Amino acid sequence: METRWLAATVRGALAEALALVLPVACAGCGEPDVALCEVCANALHPVPQRQSLGTEDSAAGIPVWSGLRYEGVATHVLRALKEDGRTGLARHLAPSLAAAVAASAHPTAVLVPIPTSRAAFRRRGYRVIDLVAARAGLRVAPLLVPTRRTADQRGLDQEGRRENVAGSLRARDVAGRRIIVLDDVVTTGATLGEAIRALRHAGAEVVGAATMAATPLRRGSPDSFETQG
Ligand SMILES: [Zn+2]
């Protein structure tokens with residue numbers, strides 16, 4: 001375990017060091033010699049949007065705030081941060097997370113991130129949501145822990161995703177606390193639903209969720225994806 005942790009840390013440091021010497025291109029549009037061009041940086045200006053998790057979930061009605069729509073530049077930049085080790089982009093995504101947390105309007109709530117799987121941490125060497133939260137000046141409390149391995153959610157349909165994550169998280173030391181769950185992106189809401197279930201099961205009061213970006217939750221009515229006025 002110790003060596004694995006070390007390997008992940010070294011990989012993270014290496015990715016950062018390489019980013020300094022290798023030629024870069026804008027993570028949003030590919031323009032050479034710049035990590036993120038001005039146009040793409042502007043496209044990451046947050047516009048908080050609120051959705052509610054679907055009625056079939058145990059987490060029905062919990063508001064989910066997101067700083068950006070998961071499309072275009074936001075998708076490219078998030079992927080570069082998650083899959084290409086471009087940790088320097090975290091500061092450009094920090095405002096979207098900060099805006100989502102602020103929009104949820106629970107300033108005293110404890111911010112609990114969805115835990116990064118061991119496999120993902122070994123691969124990346126860092127935890128995306130923790131990194132962005134740190135850049136946003138948000139203090140997080142790692143009170144959710146995985147209880148088992150889950151398959152990669154990509155490629156699974158909505159039902160498959162829900163089954164894949166059911167019972168996969170456990171919460172600790174949360175009884176009686178008000179909590180906002182943090183995640184990087186919300187797509188079907190399956191992972192958030194599982195996090196909310198685990199937190200409530202352990203006695204927490206979940207008041208919302210906040211993510212950097214979101215795709216509209218498909219089950220909702222067409223106007224369930226609102227933009228904050
Ligand atoms: Zn660009």
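For ligands, and for the atoms within them, numbers begin at 1 and follow the listed sequence. Worth knowing before you read on, the calculation uses all heavy atoms, side chains too, and leaves out hydrogens, waters and symmetry mates. Please read all numbers here as calculations on a predicted model, not as lab measurements.
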Q.
Any donor-acceptor pair under 3.5 Å linking the side-chain atoms of Arg161 with those of Thr187?
A. yes
**Q.** Pair Ser168, Thr147: side-chain N/O donor-acceptor within cut-off below 3.5 Å
**A.** no
Q | Pairs flagged by salt bridge (Lys or Arg N to Asp or Glu O under 4.0 Å) wherever residues 172-183 is involved - sequence neighbours left out | A | Arg178-Glu205
Q. What's within reach of the Zn ion (ligand 1), meaning protein N/O/S atoms under 2.8 Å?
A. Cys26 SG, Cys29 SG, Cys37 SG, Cys40 SG
Q: Please list, chain by chain and in numerical order, all residues satisfying side-chain hydrogen bond (donor to acceptor under 3.5 Å, both in side chains) with Ser96, sequence neighbours excluded.
A: none
Q | salt bridge (charged side-chain N to carboxylate O under 4.0 Å, His left out) against Asp130, all qualifying residues, sequence neighbours excluded | A | none
Q. Any side-chain heavy atom of Val140 within less than 4.5 Å of one from Leu182?
A. yes
